[in-house]
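Note sheet for the following structure.
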Amino acid sequence: AQAILAQAAAVSGRSAYPLAPAHPSGPLVLATMPSKRRNNGRSKHGRGHTAIVRCSNCARCVPKDKAIKRFQVRNIVDASSQRDLRDASVYATFMLPKLYMKMIYCVSCAIHGRVVRVRNKKVRASPEGRIYVRPNFGKGGGKGKGKSDIYYAGIVKATTAETPKGQVILDCPRVNELFGADAWFPVGEWPEGLLKGGVVVFTVRENGEVGTAPRAMHVARLQVSPVLVRKELAEEAAAVAAAAAAEEAREARAALPVRKTIAKR
């Protein structure tokens, strides 16, 4: 019986477990344990044992290769304290550093905290399902922080040879400061009426990894109000007029005759 088990395990590549026959003289029934994923939810790469880490939420022991790891970027102080520090600071352009934390979750806490979610069996087994895509939980009523309510303004960059195919890069200094990379969105989501070099508003996920280009969501063309346009044009005209007046005054001072005086001793 053990030889039959070993042969079945060698053929199938999975462990075979015998089931008790219906009658002592009946045939031996073999059963294989189901495998949900090809790697069994691990990334051991042939190793027999990996280090143990603690879950950041429940302190459960979880293997390092099985744990779900995410980077969180937070402010060191809250918004009110930032305003107080900005008012009391000598430097007007001083930016407080960010707090970068690497969060480690077990599978239970990652699903409960909506960091990851359970996928369909067909999607999980397909080649496209092996490529990880951060889940979009929509406008749920939970307390997860996958979706951000903060909108940013950016300028559509010109396409270069280094630009990935099918992506549109957005130039936003604030997003670049938070994630260390420019945001992007697919070409198929190009807003109607948007021109190259135009201004758009978008949002990104708060729990994105630092160093990875965040995907811009809810991209919309920013329509500038005519009042602001007229105000900007008026300010620009006033600045040009002030510069011209200063230049005329400087030329008038240069045209005055120079009086030479000799000091008497």
Side-chain angles (χ1 to χ4, degrees), residues 14-15 32-82 96-152 174-175 177-181 183-186 189 202-219:
R14 293 180 291 182
S15 300
T32 57
M33 294 295 293
S35 179
K36 191 174 183 180
R37 294 173 180 85
R38 189 171 62 175
N39 61 353
N40 296 321
R42 305 288 296 271
S43 59
K44 295 170 67 174
H45 300 289
R47 292 173 292 179
H49 180 268
T50 56
I52 296 296
V53 295
R54 291 283 183 173
C55 176
S56 302
N57 188 34
C58 66
R60 176 186 295 178
C61 288
V62 57
K64 186 177 180 180
D65 61 303
K66 190 176 183 179
I68 291 93
K69 296 170 278 292
R70 294 289 182 271
F71 266 105
Q72 285 189 3
V73 183
R74 295 182 180 179
N75 295 321
I76 294 181
V77 295
D78 54 0
S80 60
S81 301
Q82 282 186 5
L96 287 174
K98 297 291 181 179
L99 187 63
Y100 300 94
M101 297 184 298
K102 185 176 183 180
M103 309 299 293
I104 301 175
Y105 300 99
C106 62
V107 178
S108 301
C109 291
I111 295 176
H112 179 72
R114 305 180 71 177
V115 179
V116 295
R117 66 178 175 184
V118 180
R119 297 178 297 169
N120 192 349
K121 182 178 180 180
K122 293 183 179 180
V123 177
R124 188 173 63 240
S126 63
E128 293 80 7
R130 300 192 185 107
I131 302 174
Y132 176 75
V133 179
R134 194 175 298 278
N136 183 10
F137 295 102
K139 298 181 179 180
K143 298 181 180 179
K145 293 187 177 180
K147 185 179 178 182
S148 174
D149 295 331
I150 303 176
Y151 281 82
Y152 303 92
R174 183 60 177 170
V175 173
E177 178 187 354
L178 293 176
F179 297 93
W184 65 275
F185 69 93
E189 300 180 3
F202 61 94
T203 180
V204 295
R205 294 194 176 277
E206 294 180 351
N207 55 359
E209 296 184 3
V210 179
T212 304
R215 187 191 186 285
M217 301 178 298
H218 309 293
V219 182

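What you see below is based on every heavy atom in this structure, not just the backbone, and it leaves out hydrogens, waters and symmetry mates. Keep in mind that what you see is a predicted model, and the values were worked out from it rather than measured.
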Heavy-atom pair of closest approach, residues [X] and [Y]:
X	Y	answer
Ala67	Ile104	CB-CG2, 3.5 Å
Arg70	Val116	NH2-CG1, 3.9 Å
Cys55	Cys106	SG-N, 3.4 Å
Val204	Arg215	CG1-O, 3.8 Å

* Spell out, as yes or no, whether a donor-acceptor pair under 3.5 Å connects the side chain of Ser56 to the backbone of Tyr105. => no
Can you sort out the partners of [X] under side chain to side chain contact (heavy atoms under 4.5 Å, CB included), two or more places apart, ordered by chain and number?
X	result
Ala213	Ala181, Trp184
Thr50	Arg42, Lys44, Arg47, Pro63, Asp65
Lys98	Val73, Asn75, Tyr100, Arg174, Leu178

* Might you confirm whether atom NZ of Lys69 has over 12 heavy atoms from other residues, nucleotides or ligands at distances under 6.0 Å? => yes
* Spacing of His49 atom NE2 and Lys64 atom NZ [to the nearest 0.5 Å] -> 12.5 Å
* Structure fact -> Rounded to the nearest 0.5 angstrom, the CD1-CE distance for Ile68 and Met103 is 13.0 Å
* Do Ser108 and Arg60 have side chains that get closer than 4.5 Å, going by heavy atoms? -> yes
